[in-house]
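Quick note: numbers below take in every heavy atom, side chains included, and nothing from hydrogens, waters or symmetry partners. Residues: numbered from 1 along the sequence shown.
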Amino acid sequence: MKLYVFFLSICLAFIFSISSKAYDSIEFHCDKDTTLINSLLSYPELKEMAPENRVAFFARKLVGSRSGLRQQILEADTMVYTIDVHSFTPLSFISTCLALAKAYETSSAPNWRDFADKYENVMFKRGEATDFVSRFLYPSDWIADNIFRGNVTDVTFNLDGLAARKKEKSIDYISHNKDSFKAFNNPTNYERLKMLEMGFRNHQIPYISNGDLMNSKRFKPQAKEGDIFFLLTPDFNLDSREMGILTFDGDNLLIVQLSPSKDTVTLEELPFENYVKRNVKRTQGARIIRISK
């Protein structure tokens, strides 16, 4: 009996150490973060939604949040695992919505701890926050890693009636502009960045052309509520500057994104096809990503 109790105590200690691993070292932006996360996960209507609909639901709920790009990326000099559901970078906004949708499926009463586990899993390479470069800095890196770990699916080539293509790019924008990023004054961080960028030389990026995106009769029937879009930039060494989440408002397909002009999370008034048309000179098409079920 004593031997049984001993092994039981060891197992319980192991289980608790694993379950607390993801949020023991987390810092929160403010004391309202955990309250907001719990509130977002408590809406009763979420129960009847498909996972992709939950992604769009959370995106809408975060409209009005401000940009945290400067504080979290440009001016950060160390990797601090901070959960902040009040300000975002474009990728952290998408990751937050995806992590909330994933966290909702974790238990019958999901809370901020479930979200913390899922956010680290979605927002950091191999699902582990270790140093500054473990945080995703390029959308292509975020997509590849999250596809590999089963969080999302690339549906760009799976949309009926749309002629998807591939564009080849060598992605090394950050190292060419490293002086804009305080973290890369650190030689170790910079060497890690260079190694990362080597993996994206001659990278093949699937995309749907602007012509298809602007044709609502072709693209809109294939889009789903909660689809994640990445607009390809014409910049020769960067994959995407704009990204967001698709949502339907009646017959209109709209987007929720961290607006580059307003520095806030915005539900854009223009339908998606008109938004692409208005910005056609600074986009070369879109890659479409969907939450995995």
Side-chain angles (χ1 to χ4, degrees), residues 29 36 55-76 82 84-98 123 135-143 167 169 171 173-174 176-182 205 207-216 219-220 223 225-250 252-289:
H29 163 258
L36 178 56
V55 173
F57 176 87
F58 292 126
R60 283 175 173 264
K61 289 296 181 184
L62 293 171
V63 167
S65 303
R66 65 184 182 275
S67 171
L69 180 63
R70 179 160 297 280
Q71 298 89 338
Q72 295 179 31
I73 299 294
L74 299 180
E75 295 177 353
T82 302
D84 184 353
V85 288
H86 296 87
S87 64
F88 299 101
T89 69
L91 266 179
S92 73
F93 168 65
I94 289 170
S95 296
T96 295
C97 297
L98 184 62
M123 189 59 195
R135 181 178 183 132
F136 292 114
L137 300 171
Y138 290 113
S140 291
D141 195 17
W142 183 94
I143 294 168
K167 182 173 290 293
K169 283 193 172 188
I171 303 170
Y173 174 88
I174 295 176
H176 281 276
N177 297 273
K178 79 179 198 66
D179 291 343
S180 299
F181 300 81
K182 188 176 180 180
I205 305 175
Y207 71 99
I208 297 167
S209 71
N210 285 336
D212 277 340
L213 297 175
M214 291 187 292
N215 188 325
S216 62
F219 179 71
K220 189 164 66 174
E225 180 93 354
D227 278 351
I228 301 165
F229 70 89
F230 295 87
L231 296 179
L232 270 66
T233 175
D235 296 343
F236 79 96
N237 58 354
L238 185 62
D239 47 359
S240 178
R241 285 187 182 274
E242 290 191 49
M243 59 207 75
I245 293 169
L246 298 176
T247 184
F248 282 92
D249 187 358
N252 289 323
L253 180 63
L254 304 178
I255 65 177
V256 186
Q257 66 165 348
L258 183 59
S259 171
S261 60
K262 300 175 183 176
D263 279 342
T264 59
V265 176
T266 305
L267 176 62
E268 298 290 347
E269 296 179 357
L270 278 178
F272 180 64
E273 60 269 22
N274 293 340
Y275 184 87
V276 173
K277 185 175 182 179
R278 187 181 71 182
N279 298 286
V280 71
K281 290 185 178 180
R282 56 191 180 97
T283 182
Q284 295 181 326
R287 190 172 184 179
I288 308 298
I289 306 297

Mind checking the [atom1]-[atom2] spacing from [X] to [Y]? Nearest 0.5 Å is all I need.
X	Y	atom1	atom2	value
T266	L258	OG1	CG	7.5 Å
E273	K220	CD	NZ	6.0 Å
E242	I255	CD	CD1	7.0 Å
I143	M243	CD1	CE	8.5 Å
N210	K281	CG	NZ	13.0 Å
D239	R287	CG	CZ	8.5 Å

| task | Report the residue from L246, L254, N252 that forms a side chain to side chain contact (heavy atoms under 4.5 Å, CB included) with F272. | result | L246
| message | For F230 and W142, take the angle between the two ring planes, folded into 0 to 90°, and tell me which bin it lands in: parallel under 30, tilted 30 to 60, perpendicular over 60. | response | tilted
What heavy-atom pair brings [X] and [Y] nearest, and what distance separates the two atoms?
X	Y	answer
L62	C97	CD1-SG, 4.0 Å
G226	V55	O-CG1, 3.7 Å
L253	A223	CD2-CB, 3.9 Å
I94	G244	CD1-N, 3.9 Å
I205	I171	CD1-CD1, 4.4 Å
N177	F181	O-CD1, 3.3 Å

Heavy-atom side-chain proximity of [X] to [Y] below 4.5 angstrom:
X	Y	answer
I245	F58	no
H176	L238	no
V276	F219	no

Could you tell me which residues satisfy side chain to side chain contact (heavy atoms under 4.5 Å, CB included) with [X], sequence neighbours excluded, listed by chain and number?
X	answer
D263	S67
T89	L69, Q72, I73, L91, S92, R135
K167	K169, Y207, L232, Q284

Please check this pair: side chain of [X] against backbone of [Y], looking for a donor-acceptor N/O pair closer than 3.5 Å.
X	Y	value
S209	G285	no
S261	S259	no
D84	S87	yes
Y138	I174	yes

| said: Is it true that, when you exclude K178 itself, more than 12 heavy atoms of the residues, nucleotides or ligands shown sit nearer than 6.0 Å to its NZ? | reply: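 Yes, NZ of K178 has more than 12 neighbouring heavy atoms, counting only those of other groups under 6.0 Å.
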